[in-house]
Amino acid sequence: MVKWILACLVALAISDASAQQLGNYSANPYAPNSTGNPYGAGSPFGQNSINNPYGRYGSQYSNDSATNPYATNAPKLYDSDGNYRGRLSSNPYELDSVSNPNGRYGSRYSSDSINNPYGAGNPYSADSPTNPYGKGLSIQGDDD
């Protein structure tokens, strides 16, 4: 039993190691880890910034980018409780994209969507990307 629990913990640690923290999807211009801070994680010159038009996560040509309208491997969003909130993608056809108006994470009527001001996008929630004083959502990119 102890060996099984230890094996599960090792597997969990390995799976977490494959994700790369890219900052927080947030409108907060003062938080250093916010994509809304042009001198922090939101710098257009940061190697892993979603605001860098020449970087892996900001280029309009990269499959890992938040701004490529055809990307299928865009960064993932998580709230502070670890709940998955979709992919930070401008692809309106990707199922998990926050830009898909008919999808679970993009519809303005879904409680899981950051586009719903009464759900995950509530501007008074600390996790909401629209709260200018909040923490926002964690952005995780694939590390390969």
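None of the values given here were measured: they were computed from a predicted structure.
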Trainee: Going by atom types only, do Gln140 and Ser138 share a side-chain donor-acceptor pair under 3.5 Å?
Mentor: yes
Trainee: Quick one: do the Asn73 and Asp142 side chains pair a donor with an acceptor below 3.5 Å?
Mentor: yes
Trainee: Quick one about Asp127 and Ser80 (side-chain donor to acceptor, distance below 3.5 Å, no hydrogens or angles considered), yes or no?
Mentor: yes
Trainee: Sequence neighbours excluded, which residues qualify as side chain to side chain donor-acceptor pair (under 3.5 Å) partners of Ser128?
Mentor: Thr130
Trainee: To the nearest 0.5 Å, tell me how far Ser43 OG sits from Tyr39 OH.
Mentor: 9.5 Å
Trainee: Is a side-chain donor-acceptor pair under 3.5 Å present for Asn131 with Ser125?
Mentor: no
Trainee: If a pair satisfies salt bridge (Lys or Arg N to Asp or Glu O under 4.0 Å) and one of its residues is in residues 102-111, list it, with sequence neighbours excluded.
Mentor: Arg104-Asp112
Trainee: For a side chain to side chain contact (heavy atoms under 4.5 Å, CB included) with Leu88, tell me which candidate from Thr67, Leu77, Leu22, Asp96 qualifies.
Mentor: Leu77
Trainee: In Å and rounded to the nearest 0.5 Å, what is the CD1 to OH distance from Ile114 to Tyr25?
Mentor: 5.0 Å
Trainee: Return the set of residues passing side chain to side chain donor-acceptor pair (under 3.5 Å) with Ser99 (not counting sequence neighbours), or none when no residue passes.
Mentor: none
Trainee: Do Ser90 and Pro69 touch side chain to side chain, with heavy atoms closer than 4.5 Å?
Mentor: yes
Trainee: Not counting sequence neighbours, which residues clear side chain to side chain contact (heavy atoms under 4.5 Å, CB included) with Asn102? List them please.
Mentor: Asn100
Trainee: Check whether any side-chain heavy atom of Glu94 sits under 4.5 Å from a side-chain heavy atom of Tyr105, and report yes or no.
Mentor: no
Trainee: Going from CG on Asn91 to OG1 on Thr72, what distance comes out if it is rounded to the nearest 0.5 angstrom?
Mentor: 8.0 Å
Trainee: Please list, chain by chain and in numerical order, all residues satisfying side chain to side chain contact (heavy atoms under 4.5 Å, CB included) with Asn33, sequence neighbours excluded.
Mentor: Gln21, Asn24, Ala41
Trainee: Quick one: list whatever passes side chain to side chain contact (heavy atoms under 4.5 Å, CB included) with Ala27, sequence neighbours left out.
Mentor: none
Trainee: Within a strict 4.5 Å, meaning less than it, do heavy atoms of the Tyr84 and Lys76 side chains meet?
Mentor: yes
